[in-house]
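Taking it in order: structure first as structure tokens, then the write-up.
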Protein chains: 4
Amino acid sequence: MTRAPATPAPRRAVRPGRRPGVRAAAAQATRDAILRAATRIFAKHGFDGGRVDQISKAAKSYDRMIYYYFGSKEGLYIAVLEDLYRRFNEAESRLALDLAQPDEALAEVVRFVWNYYRRNPEFITLLNTENLHRGRHIAKSPRAGDYSSPAVRVLGDVLERGVERGLFRSTVTARDVYLMIAAMGYFYLSNRYTLSAFLGERTDTPEAFARWEAFIIDAVRRAVAPPDVLPPRG
Amino acid sequence: MTRAPATPAPRRAVRPGRRPGVRAAAAQATRDAILRAATRIFAKHGFDGGRVDQISKAAKSYDRMIYYYFGSKEGLYIAVLEDLYRRFNEAESRLALDLAQPDEALAEVVRFVWNYYRRNPEFITLLNTENLHRGRHIAKSPRAGDYSSPAVRVLGDVLERGVERGLFRSTVTARDVYLMIAAMGYFYLSNRYTLSAFLGERTDTPEAFARWEAFIIDAVRRAVAPPDVLPPRG
Amino acid sequence: MTRAPATPAPRRAVRPGRRPGVRAAAAQATRDAILRAATRIFAKHGFDGGRVDQISKAAKSYDRMIYYYFGSKEGLYIAVLEDLYRRFNEAESRLALDLAQPDEALAEVVRFVWNYYRRNPEFITLLNTENLHRGRHIAKSPRAGDYSSPAVRVLGDVLERGVERGLFRSTVTARDVYLMIAAMGYFYLSNRYTLSAFLGERTDTPEAFARWEAFIIDAVRRAVAPPDVLPPRG
Amino acid sequence: MTRAPATPAPRRAVRPGRRPGVRAAAAQATRDAILRAATRIFAKHGFDGGRVDQISKAAKSYDRMIYYYFGSKEGLYIAVLEDLYRRFNEAESRLALDLAQPDEALAEVVRFVWNYYRRNPEFITLLNTENLHRGRHIAKSPRAGDYSSPAVRVLGDVLERGVERGLFRSTVTARDVYLMIAAMGYFYLSNRYTLSAFLGERTDTPEAFARWEAFIIDAVRRAVAPPDVLPPRG
DNA sequence: CATGAATGAGCTTTCATTCAT
DNA sequence: CATGAATGAAAGCTCATTCAT
């Protein structure tokens, strides 16, 4: 008989409608430890480079438990991605802006995104890994559709208010501005190692970071500034 | 251990100071075929995910030849990166701009970078892979220092001319503008798969590409526009 | 990336149209040693019970070589079955009978089958294992159709001659007689271990074997004897 | 080693000398469900191929219960074999023959065995599996000796009566006739999958089954017919 | 008795690499 | 230079079994 590669049904740690007891809490702890370890190791080595036993060891658990809770290496990786998206969305949801000051609120969005990337470097490497795989794994997640960014909506409110007050031009979309913010922060951090070769200088000193943050804010403010402030071509 | 032994001295295909004969030409062809195949496969699967025998098969050669020419899987990967940088720098060097029209020249730089990324998708995935590994491999390349971007210098010339003519502000650096251009193009293409989940829309249609290119050009023009055109904060 | 379970193309040891050199001969020896070891071990422990590393060790080779030559455990098992059928058919083909003495020739067929089973116990256990799996593996063999028994044809000749001479009845088919011969020999040997429990006696002494052989011959002779010799029912 | 520890004392479901209560009945049901599931799965996949958790799942119970009731996988397998023998012996015991008609009674025995095999295919595959293991498991059963076949005794009576009446020859033993009956039925069913390859025809149609049953009956009648009816050799 | 979690050995298979013509 | 065979470590995954409520 050949081995059946069909992934067995993985256990969800806590069943709904049941108060978790001591056992269940311990189980949840095991599951969480594996998930955290996997996040770290997949972020560091990618999906192919991340070894199952490295993860289980880092979680002070056993290979077997990975299959018990997540069904397969891929199942674990998908769970890591889902958790990553969830945490990012949660963080974005907590973003509280003063809409009365659109220009400052805009800067605040930039700072939020930039700082999130800086404080969660695994966010970047995991997304890169997933994009290397052409989104194959996240596509398998049943929750793949739930992850549309709250920040884009918030940013839409900010822009709208700014337009009303004549501070912003009306021809930019929240989507494009959000992408710009994300791009400038993400790329700088994501590609810092190869950038050194291209630029011939350090890009990861506190001063360099601060300078780049200021540059992003400035560029974004200019991008949304009313159109008539731009000089004619030439 | 057979897996990671001391790397033996790899052969360079064509020894300098010797006219290549028929044999040497065949050898060069083999070497090139391997390099091309490796570029494709490492770009698709990453360093860990790319299999040696997949590469040798794709090159219609043999595993053994990879070790003959490149010493090891890592040696091959480094050669791929060097070749990648070299080709990119060559392309940048061919960039001919009309400095008499700084604003148009600036847009031309954006278009060049954006199109290079679009036409060479393996450039992006290979750089991402290398950054995942924290630049570990390219650091081993003896030619690592040679790759500072010609485009940054050219862009410096463009900006300088624009400032002279009062078209650009004098407080932005070529480095920052170049990073901005690169970031906005790179990120959009690199992260297209996960962006779908975040944005809930296609980002890879011809129209979407055209729109984003226009947005980048506009944002960059605004970033370098004289400072006094920006409205006061509020 | 998930592991690709697709079986790679296994090597045939000696390519046609090429005189085997020293290397090829050694390779063939390796392949043969694995095949022999696998025959022994699958016969002893079944397909599931037979361990890959047990086989490679018994063949004084390496696990890896099994995959090199046979692609997978299942591929090896199929090769074992093909070899088993081939050897049996070859042995049957060598069966030389004196058709001038149909009665003696018939007994000779019984002795041949019985002795083949006795001398090749792995033939029985391997067939049993394959039948446990409902013929799943042999069905995958491209040579599955080539194994119709030569002995049935030979037996047909014997019966025909006997009928002509009035020694045998004309209403039995070679197929049925062959099945009878095979059944009585095969079952006795195949089930000898559980038969002990049923019968409460040894069935594997030389005397017991000789007695059973004589009984089969007698029963088969009676089965083909002319119909009018049978007494009426009662 | 966790894999093959000393077998702990398994529980018998219902202790003798105690009226089973509700709990005991539920326990018995669990035990029976496991036994039935195990019979099915060991019959289908053999001992090595049958998975403990496949069995517990099929029985809608838990792995743990198998160890509770049967001590180990092997203990369960032995229980399956014991149950198999017991049921077969019970069925044989229910065999009621009209000794006044020995010839018909003989045919009845053939029909009984043949139909039992046909209706209980797991009987065959489980016996084959046990014979593959050289009777290792059944030898461990404390009840191994109790299973001598009632049918052999009954068959002895039939033959004796037939001899008295001059219908059968006196030189055949009940054992040999029983083996002949068993062999011809068992082999035909057990080896049906590989027989297709040898014979190049279907062996499992209703017509083929009926023909073979008739052939067995005829062959057995001829085997026990008085010796003088056989023609001289030639 | 039932049930979820834990355990660690061992399984099949794959990998990068080297040997020997 | 090319090519088939060999090598051994290690990968992902599964197994029977036990622990602890």
Side-chain angles (χ1 to χ4, degrees), chain A residues 2-5 7-8 11 13 15 21-24 26-28 30-31 48 51-54 56 61-69 71-74, chain B residues 1-5 7-8 11 23-24 26-27 30 48 51-54 56 61-69 71-74 76, chain C residues 2-5 7-8 11 13 15 21-24 26-28 30-31 48 51-54 56 61-69 71-74, chain D residues 1-5 7-8 11 23-24 26-27 30 48 51-54 56 61-69 71-74 76:
Chain A
T2 8
R3 197 151 278 190
T7 302
R11 272 81 176 167
R15 288 160 310 175
V22 179
R23 292 290 300 287
Q28 185 67 287
T30 301
R31 208 191 115 102
D48 289 293
R51 305 304 176 196
V52 165
D53 86 315
Q54 205 183 353
S56 69
S61 184
Y62 301 86
D63 287 16
R64 190 60 190 80
M65 297 318 285
I66 289 177
Y67 296 89
Y68 189 71
Y69 283 117
S72 67
K73 182 185 181 181
E74 191 177 15
Chain B
M1 191 169 61
T2 25
R3 207 135 191 191
T7 302
R11 273 81 178 168
R23 264 172 84 117
T30 300
D48 290 292
R51 306 303 175 200
V52 166
D53 88 314
Q54 205 184 354
S56 69
S61 184
Y62 299 85
D63 287 15
R64 192 66 189 80
M65 291 294 96
I66 289 176
Y67 294 90
Y68 187 76
Y69 284 119
S72 68
K73 182 184 181 182
E74 193 178 15
L76 172 56
Chain C
T2 9
R3 199 150 274 191
T7 302
R11 272 79 176 168
R15 288 159 309 176
V22 178
R23 291 290 301 286
Q28 184 67 288
T30 300
R31 208 190 115 103
D48 289 292
R51 306 305 175 195
V52 165
D53 86 314
Q54 206 184 354
S56 69
S61 184
Y62 300 86
D63 288 15
R64 190 62 189 78
M65 298 317 285
I66 289 176
Y67 294 89
Y68 188 73
Y69 283 116
S72 66
K73 182 184 181 180
E74 192 178 12
Chain D
M1 190 169 60
T2 25
R3 207 130 189 194
T7 303
R11 275 79 178 167
R23 266 175 79 121
T30 300
D48 290 291
R51 306 303 175 198
V52 165
D53 88 313
Q54 205 183 355
S56 68
S61 185
Y62 299 85
D63 288 16
R64 192 64 188 80
M65 291 294 96
I66 289 176
Y67 294 90
Y68 187 76
Y69 285 118
S72 68
K73 181 183 182 182
E74 192 179 14
L76 172 56

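No hydrogens, no waters, no symmetry mates; every other heavy atom, side chains included, goes into these values. Proteins come first, then strands; the chains are lettered A, B, ... in the order of their sequence lines, and each starts at number 1.
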What distance do [X] atom [atom1] and [Y] atom [atom2] have between them, rounded to the nearest 0.5 Å?
| X | Y | atom1 | atom2 | answer |
| --- | --- | --- | --- | --- |
| B:Tyr67 | B:Lys73 | OH | NZ | 8.0 Å |
| A:Met65 | A:Tyr69 | CE | OH | 4.5 Å |
| D:Ser61 | D:Tyr68 | OG | OH | 12.0 Å |

Between [X] ([atom1]) and [N] ([atom2]), how many Å, whole number?
| X | N | atom1 | atom2 | result |
| --- | --- | --- | --- | --- |
| B:Arg64 | F:dA6 | CZ | C1' | 13 Å |
| A:Asp53 | E:dT7 | CG | C1' | 15 Å |
| D:Glu74 | F:dT17 | CD | C1' | 14 Å |
| B:Ile66 | E:dT17 | CD1 | C1' | 11 Å |
| C:Gln54 | E:dC11 | CD | C1' | 12 Å |
| C:Met65 | E:dC19 | CE | C1' | 12 Å |

Just to confirm, is there a sub-4.0 Å distance from OP1 or OP2 of [N] to any side-chain nitrogen or oxygen of [X]?
| X | N | result |
| --- | --- | --- |
| C:Thr30 | F:dA5 | no |
| C:Tyr62 | F:dG8 | yes |
| C:Tyr67 | E:dT13 | yes |
| A:Tyr68 | E:dG4 | no |

Item checked: Watson-Crick and G-U pairing of DNA chain E written in dot-bracket, each distance under 3.5 angstrom, with | for inter-strand partners -> .||||||||||||||||||||

Check: B:Ser56: what forms a side chain to side chain donor-acceptor pair (under 3.5 Å) with it, not counting sequence neighbours?
Finding: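 Here the qualifying residues are B:Asp63.
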
Measure from the side chain of [X], starting at C-beta and using heavy atoms only, and say which of [options] lies closest.
| X | options | value |
| --- | --- | --- |
| C:Lys73 | E:dT13, F:dT7, E:dA5 | E:dT13 |
| B:Asp63 | F:dA2, E:dT17, F:dG12 | E:dT17 |
| A:Arg51 | E:dT12, F:dC13, F:dA11 | F:dA11 |

Next item on the list: Locate the shortest heavy-atom distance separating B:Ile66 from B:Val52; write the atom from each residue and the value.
Entry: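 Of all heavy-atom pairs spanning B:Ile66 and B:Val52, the closest is CD1-O, 3.6 Å.
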
